[in-house]
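To start, the structure under review is shown below, and the notes come after it.
Any value given below was found using the heavy atoms of this structure, including those in side chains, with hydrogens, waters and symmetry copies removed. Proteins get letters first, then strands, A, B, ... in listed order; numbering begins at 1 in each.
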Amino acid sequence: MREKPQSADLLHWYDRHARNLPWRVPPGAEVDPDPYRVWLSEVMLQQTTVAAVKSYFERFTTLWPTVSNLADAEDQAVMGEWAGLGYYARARNLLKCARVVRDAHGGRFPDQREDLLKLPGIGPYTASAIAAIAFDRAETVVDGNVERVMARLYDIHTPLPAAKPELTEKAAGLTPDLRPGDYAQAVMDLGATICTPRNPACGICPWSAACIARVNRTAAELPKKTPKKPKPIRHGIAYVARREDGAWLLEQRPDKGLLGGMLGWPGSDWTEADPLPAPPIEADWHDPNAEVRHTFTHFHLRLTLRLATLPMTAAPERGTFLSQTEFRPANLPTVMRKAFDLARDPLTKD
DNA sequence: AAGCCGGGGTT
DNA sequence: AACCCAGGCTT
């Protein structure tokens with residue numbers, strides 16, 4: 001009978017190999033983690049890599065050192081700082097959550113999973129992560145890393161997402177009462193650095209002796225996943241206009257849906273058929289003969305550009321002018337910044 | 001249960 | 001260019 005993986009073995013590995021991350025309190029440190037920083041980092045890390053998150057985390061915590069500071073911020077300031085990180089509903093829910101914590105919880109995060117779960121933008125994974133890491137509660141975190149580690153330890157071939165309940169059960173069975181916060185981070189670090197999606201480093205894995213997939217040589221093909229649907233191609237038109245004083249014509253996108261609440265160029269809907277032109281103002285729109293290509297979660301976009309220089313008297317039906325000093329391209333979501341990059345040269349040379 | 005949400009990295 | 005990675009919300 002193969003021995004059950006021991007949490008103590010993993011904690012021992014973590015004590016020596018824990019990654020140094022801006023939001024992490026290293027194992028053995030005498031300070032308690034700040035729930036605000038744990039929450040902020042975990043929300044940023046949803047579907048997003050450590051490398052992409054680092055600079056955003058540093059900027060957010062510098063601008064807003066506490067959850068109440070963040071709750072007091074302007075919506076557009078937060079959305080602008082989130083630009084480029086993706087999944088913008090996270091930023092809208094981040095603000096909602098900060099304001100609930102400020103107004104209903106006296107500026108302190110709840111310390112129980114069940115209460116965390118009620119907050120906007122906090123689901124099963126994030127609630128467990130905050131409870132375990134910030135409050136050292138024996139909750140089980142199940143993210144993509146943990147799913148992969150469990151699928152391999154127990155050689156589970158059921159494809160995701162159907163396998164999720166079984167993988168969660170296996171993970172819960174391993175969660176210790178001793179140092180659950182460090183343990184949660186240790187399993188995820190193991191998945192991120194040793195038990196990787198391709199070419200897992202089984203030779204140096206602290207749990208290799210207990211791993212069934214290692215014996216069966218199936219580790220590299222686990223976890224199985226149900227095949228995904230192909231992405232259709234959608235087309236659209238974006239209108240990039242600059243007034244003679246250098247101000248840019250932009251609009252805030254509606255709060256729901258794609259890029260919700262973000263700044264963008266006025267334009268047509270994005271459809272699989274040819275898009276209907278929808279200029280925000282009558283003007284001499286010209287064709288820069290370049291197209292923005294961008295891929296979203298569920299479709300490819302080919303965005304045609306139209307450029308114009310507008311007189312000071314222009315009164316567009318859509319959008320508002322942002323002066324050169326108000327407008328920061330870094331506050332645009334990536335597809336809109338790509339459009340700006342193509343439009344800036346033709347529109348900024350006198 | 002299935003669809004809606006970005007972006008970056010690797011092959 | 002195709003593929004891979006990866007939580008929460010909505011319907």
Side-chain angles (χ1 to χ4, degrees), chain A residues 38-56 79 81-97 113 116-130 139-151 159-165 167-168 171 184 187-188 191-193 195-200 220-234 253-264 270 291-303 330-339 341:
Chain A
V38 174
W39 163 71
L40 180 62
S41 64
E42 290 299 342
V43 172
M44 286 182 166
L45 288 164
Q46 291 166 5
Q47 308 292 97
T48 310
T49 59
V50 165
V53 164
K54 276 182 177 166
S55 66
Y56 285 85
M79 298 311 289
E81 285 300 322
W82 197 275
L85 202 52
Y87 287 112
Y88 297 97
R90 292 185 294 170
R92 301 194 299 275
N93 285 329
L94 191 81
L95 258 172
K96 278 189 204 164
C97 182
R113 182 180 191 277
L116 290 161
L117 211 40
K118 295 173 186 150
L119 295 169
I122 298 184
Y125 163 74
T126 308
S128 286
I130 298 171
E139 301 290 356
T140 302
V141 297
V142 185
D143 72 342
N145 290 306
V146 177
E147 288 173 352
R148 185 168 59 252
V149 170
M150 294 304 139
L160 282 166
K164 177 110 181 171
L167 297 171
T168 299
V187 196
M188 295 192 281
T193 64
C195 196
T196 50
R198 283 181 291 258
N199 306 317
E221 62 192 65
L222 296 176
K224 306 274 196 193
K225 308 213 170 180
T226 52
K228 58 218 166 311
K229 294 172 57 175
K231 298 176 199 251
I233 300 174
R234 292 191 194 173
R253 298 173 60 84
D255 223 36
K256 289 195 184 303
L258 193 70
L259 308 180
M262 299 301 291
L263 213 50
W270 299 343
E291 165 187 80
V292 171
R293 291 192 178 203
H294 189 76
T295 298
F296 291 97
T297 311
H298 56 293
F299 64 93
H300 301 286
L301 176 65
R302 295 188 184 177
L303 191 59
N331 290 347
L332 295 173
T334 301
V335 67
M336 299 296 175
R337 192 187 41 71
K338 286 183 183 174
D341 289 343

Review point. Under the 3.5 angstrom rule, does the side chain of A:T140 hit a backbone N or O of A:S128 as a donor-acceptor pair?
Key: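 Side chain of A:T140 to backbone of A:S128, a donor-acceptor pair under 3.5 Å: no, none is there.
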Which part of the nucleic acid does [X] contact within heavy-atom distance under 4.0 Å: base, sugar-phosphate only, or nothing?
X      : value
A:T334 : sugar-phosphate
A:Q46  : sugar-phosphate
A:P161 : nothing
A:T126 : sugar-phosphate

Practice item. Check whether any side-chain heavy atom of A:M188 sits under 4.5 Å from a side-chain heavy atom of A:V146, and report yes or no. Key: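 The answer is yes, as the side chains (C-beta and beyond) meet within the 4.5 Å cut-off.
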**Study point:** Minimum side-chain heavy-atom gap A:V335-A:V292 below 4.5 Å
**Key:**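 Yes. Closest side-chain heavy atoms under 4.5 Å.
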Review point. Strictly by modelled atom types, are A:R148 and A:N145 linked by a side-chain donor-acceptor pair under 3.5 Å?
Key: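 Short answer, yes.
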Check your understanding: If we ignore angles and hydrogens, is there a donor and acceptor under 3.5 Å between the side chains of A:E42 and A:Y125?
Key ->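 Checked: A:E42/A:Y125 side chains pair up, N/O donor to acceptor below 3.5 Å.
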**Study point:** Contact residues, residues 81-92 of chain A to DNA chain C [heavy atom, < 4.0 Å]
**Key:**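 Close to the strand are A:Y87.
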Tell me: [atom1] of [X] to [atom2] of [N], nearest whole Å?
X      : N     : atom1 : atom2 : answer
A:K224 : C:dC4 : NZ    : C1'   : 16 Å
A:M44  : C:dC5 : CE    : C1'   : 19 Å
A:F296 : B:dG3 : CZ    : C1'   : 17 Å
A:R148 : C:dG7 : CZ    : C1'   : 15 Å
A:R293 : B:dG7 : CZ    : P     : 18 Å

Check your understanding: Of all residues at least two apart in sequence or in a different chain, which pass the side chain to side chain contact (heavy atoms under 4.5 Å, CB included) check with A:I233?
Key ->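 In terms of side chain to side chain contact (heavy atoms under 4.5 Å, CB included), with neighbours along the sequence ignored, A:I233 is linked to A:H235, A:H300, A:R302.
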With respect to the side chain of [X], which nucleotide from [options] is positioned closest?
X      : options             : answer
A:P197 : C:dG8, B:dC5, C:dC5 : C:dC5
A:N93  : C:dC9, B:dC5, B:dG7 : C:dC9
A:P333 : C:dG7, B:dG7, B:dC5 : B:dG7

Point to revise | Nearest-nucleotide comparison on DNA chain B, the residue closer to the 5′ end among A:Y56 and A:H298 | key: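 Whichever sits nearer the 5' end wins; that is A:H298.
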Review point. Between A:N199 and A:T297, who's closer to the 5' end of DNA chain B by nearest nucleotide?
Key: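 Its nearest nucleotide lies further toward 5', so the answer is A:T297.
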Practice item. Tell me, please, which residues at least two apart from A:Y56 pass side-chain hydrogen bond (donor to acceptor under 3.5 Å, both in side chains). Key: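 For A:Y56, no residue satisfies side-chain hydrogen bond (donor to acceptor under 3.5 Å, both in side chains) once neighbours in sequence are set aside.
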Check your understanding: For DNA chain C, whose closest nucleotide is more 5', that of A:K96 or that of A:T48?
Key ->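 Counting from the 5' end, the first nearest nucleotide belongs to A:T48.
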Review point. At under 4.0 Å, does any side-chain N or O of A:H294 touch on OP1 or OP2 of B:dG7?
Key: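 For A:H294, the contact criterion (side-chain N or O under 4.0 Å from OP1 or OP2 of B:dG7) is met.
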Check your understanding: A:F296: what forms a ring pair (Phe, Tyr, Trp, His ring centres under 6.0 Å) with it, not counting sequence neighbours?
Key ->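 Ring pair (Phe, Tyr, Trp, His ring centres under 6.0 Å) check on A:F296 returns A:W270, A:H294, A:F299.
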Check your understanding: Mind checking the P distance from C:dC5 to B:dC5? Whole angstroms is fine.
Key ->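 Their P atoms lie roughly 23 Å apart.
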Exercise for review: Check DNA chain B against residues 254-261 of chain A and give the residues with a non-hydrogen atom under 4.0 Å, in numerical order.
Suggested key: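 Those residues are A:G257, A:L258, A:L259.
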Review point. Which parts of residues 225-234 of chain A get close to DNA chain B, meaning a heavy atom less than 4.0 angstrom away?
Key: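 Close to the strand are A:K229.
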